[in-house]
Amino acid sequence: MAILKVNDLKVYFPIKAGIFNRTVDHVKAVDGVSFSIEQGKTYGLVGESGSGKTTTGRAVIGLESIYSGKVMFNGKDITNFGRKNSALRKDVQMIFQDPYSSLNPRKRILDIIAEPLRNFENLSMQEEKKRVQSLLEIVGLSPESILKYPHEFSGGQRQRIGIARAIAVRPKLIIADEPVSALDVSVQAQVLNFMQDIQKELNLTYLFISHDLGIVKHMCDDIAIMYKGRYVEQGTTADIFNNPQHIYTKRLVSAIPDINPRNREKQYHFRQEVQREYANSYNDYFDSEGLAYGLQPISDTHLVALPERG
Amino acid sequence: MRNKLLEINNLKTSFRIGDNYYAAVDDVSLTVNNNEILGIVGESGSGKSALAFSIMGLHTRAKIEGNIFYKGQDIANISPAKLNKLRGDDLAMIFQDPLTALNPLMRIGDQIAETLILHKPEMSQKQRKERVLELIDLVRIPRPEHVYEQFPHELSGGMRQRVVIAIAIANRPDLLIADEPTTALDVTIQAQILDLIRELKNDLDSGVILITHDLGVVAEMADRVAVMYAGQIVEIAEVHTLFENPLHPYTKSLLNSVPTEGQEKLHVIQGVVPSLQKLPRKGCRFAARIPWVDASAHEEYPELHEVEPGHFVRCTCYSHFYFPDESKEAYAHGNS
């Protein structure tokens with residue numbers, strides 16, 4: 001059974017104008033997105049800045065108010081579960097993008113990691129300290145660091161503190177919003193490896209939001225590509241990378257720099273070709289407003305936004 | 001025909017912290033030829049941006065030792081007035097963040113014209129405007145006349161970066177330094193900007209120093225690559241050599257930490273990049289990150305060794321290096 005099911009999710013931001021500050025229009029940040037994630041899997045949400053991927057993640061966890069649509073977690077409707085329903089809140093946690101701004105600089109590591117524990121579990125000071133120390137050990141930091149402050153840690157270490165906080169209450173689903181984009185390559189590797197390890201250990205499910213296709217390819221089982229608030233393509237990692245169907249997906253895939261310098265010319269020509277195809281067949285893939293069409297299945301796992309046939 | 005455009009000899013850029021000076025760029029020597037892209041890779045804190053700023057003379061309080069010869073003239077030790085004549089004319093720089101590099105209160109056209117006013121005062125106003133429009137068109141911004149009158153906030157990130165490039169190439173520079181020119185941009189825009197830089201290099205026959213942390217970008221763009229770690233160049237080679245036969249442990253580790261086809265586990269480099277003050281000034285600077293390699297493998301004062309023509313590696317530890325998950329024997333076998 002799917003642990004998370006999102007149905008026709010829409011998140012609109014109002015545009016206000018005039019002397020009465022009335023809502024005159026909406027920005028459709030997320031415009032009809034549906035997906036489901038199986039327990040223990042990693043689902044990648046890819047798109048460029050402004051595509052609505054982060055908003056989708058934030059809406060799922062309740063940080064953005066949902067205009068319409070449904071979010072089901074473990075069979076329960078959590079669409080507007082708000083602050084009250086703490087049992088559900090505990091099961092869904094978030095890892096934020098920027099480890100420099102997501103940790104309160106005036107709190108000690110102990111207090112940062114213990115915050116979710118204090119919200120959801122009644123632990124004595126001793127128990128709490130023990131739990132935090134064991135969490136620090138899980139993320140590979142020394143248990144003595146509980147009395148330190150965030151500024152005493154490097155970027156990678158901070159991101160691991162963020163992860164320790166996210167897994168403190170043993171969630172089932174973690175929404176990871178660009179968890180490594182602020183980090184150097186070698187530190188990136190460390191955090192990604194670590195996320196994979198605890199996934200196996202705790203049977204975690206990830207909603208992995210990223211703009212980096214290389215990393216998404218490495219981490220995810222299924223991938224969705226977003227553009228202007230809509231899906232343009234969804235499928236398994238193999239579907240997306242070996243058989244991209246939508247021109248926008250092709251364009252993204254062709255833009256990834258190849259790590260082998262021998263492929264440089266080939267990659268350049270491929271990119272030029274895709275660019276030409278993009279210019280020529282734009283109208284076949286996008287409607288009059290420049291938005292993607294509805295998704296059409298082309299195989300059991302593979303959905304592509306194409307105009308309806310006939 | 002490739003000529004030597006820039007030659008840096010034993011450059012040392014130090015910053016004062018408290019009462020002491022600490023070298024962020026420590027004994028760097030390199031050359032750049034025209035019609036060539038030299039890629040400089042390294043992680044944050046490796047000194048790659050400090051190096052770029054030293055070449056451009058943009059550090060205000062740093063102590064700079066060594067020589068930077070641009071076409072035979074030592075620009076590390078010339079008067080600010082002379083340097084100002086070169087900067088923006090012969091030497092130009094593309095900055096990382098296009099929003100902070102542009103003046104928010106100035107129209108795009110005026111910002112591009114500024115460098116022309118400074119270096120080509122003989123141009124008439126009409127000529128200048130024509131040249132600015134030509135430049136906007138050159139960096140593929142649609143509707144040059146319209147953009148000429150716009151302000152930076154009205155443009156997208158990719159368009160802003162194009163404006164920054166237009167300013168940099170306004171006077172057909174011979175040497176272009178691009179400091180993480182695409183880090184703030186989306187991949188599709190990145191591809192366009194990189195293609196643009198490459199085409200401009202070919203058209204102007206200029207030398208380019210491309211600074212980046214992205215190995216993919218280097219693989220796509222550079223002719224030669226220098227890998228920096230803790231203020232020093234640890235390996236420098238022609239791009240194919242570097243990616244196919246990397247030698248320095250740091251280069252190898254970096255390449256192994258990027259996800260590639262069929263890779264299960266990413267390589268993690270142990271420890272952290274030492275801070276400027278705690279940097280070991282003696283011995284191999286990478287030694288602490290590869291503790292399983294015997295201490296005797298390192299040199300006391302690591303130097304760059306030319307292992308094959310044009311391929312330099314610092315310290316002798318490269319010939320004894322293996323990854324901890326592969327046994328020493330397997331490594332020795334693989335090399336025999």
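Throughout, a chain's letter reflects where its sequence line sits, starting with A, and its residues are numbered from 1.
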Given that the side chain runs from C-beta out, which part of [X] has a heavy atom under 4.5 Å from chain B: side chain, backbone, both or neither?
X      : answer
A/Q272 : side chain
A/F241 : neither
A/R271 : side chain
A/S49  : both
A/L192 : side chain

Test log, rule side-chain contact (heavy atoms from CB on, under 4.5 Å), inputs A/N193 and B/K265: CA-CA 7 Å; A/N193 279 350; B/K265 203 95 192 148; 4.0 Å; yes
Atom [atom1] of [X] and atom [atom2] of [Y]: how far apart are they, to the nearest 0.5 Å?
X      : Y      : atom1 : atom2 : result
B/D186 : A/H211 : CG    : NE2   : 7.0 Å
B/L266 : A/I215 : CG    : CD1   : 8.5 Å
B/H267 : A/Q190 : NE2   : CD    : 10.5 Å

Which of A/P261, A/A255, A/G214 touches chain B most, by non-hydrogen pairs under 4.5 Å: A/P261
Top of A/R251, A/R262, A/Q275 for chain B proximity - count of heavy-atom pairs under 4.5 angstrom: A/R262
For the residue pair [X] and [Y], what are the closest heavy atoms and their distance?
X      : Y      : result
B/F243 : A/I259 : CD2-O, 3.3 Å
B/E244 : A/N260 : OE2-OD1, 4.3 Å
B/E220 : A/I256 : OE2-O, 4.3 Å

[X] versus chain A, heavy atoms under 4.5 Å apart: side chain, backbone, both or neither?
X      : value
B/L215 : both
B/V187 : both
B/T260 : side chain

side-chain contact (heavy atoms from CB on, under 4.5 Å) between A/E48 and B/T188, worked out: CA-CA 9 Å; A/E48 299 191 284; B/T188 51; 2.5 Å; yes
Side-chain donor-acceptor contact under 3.5 Å, B/S257 with A/Q188: no
Min side-chain heavy-atom separation B/M221-A/R264 under 4.5 Å: no
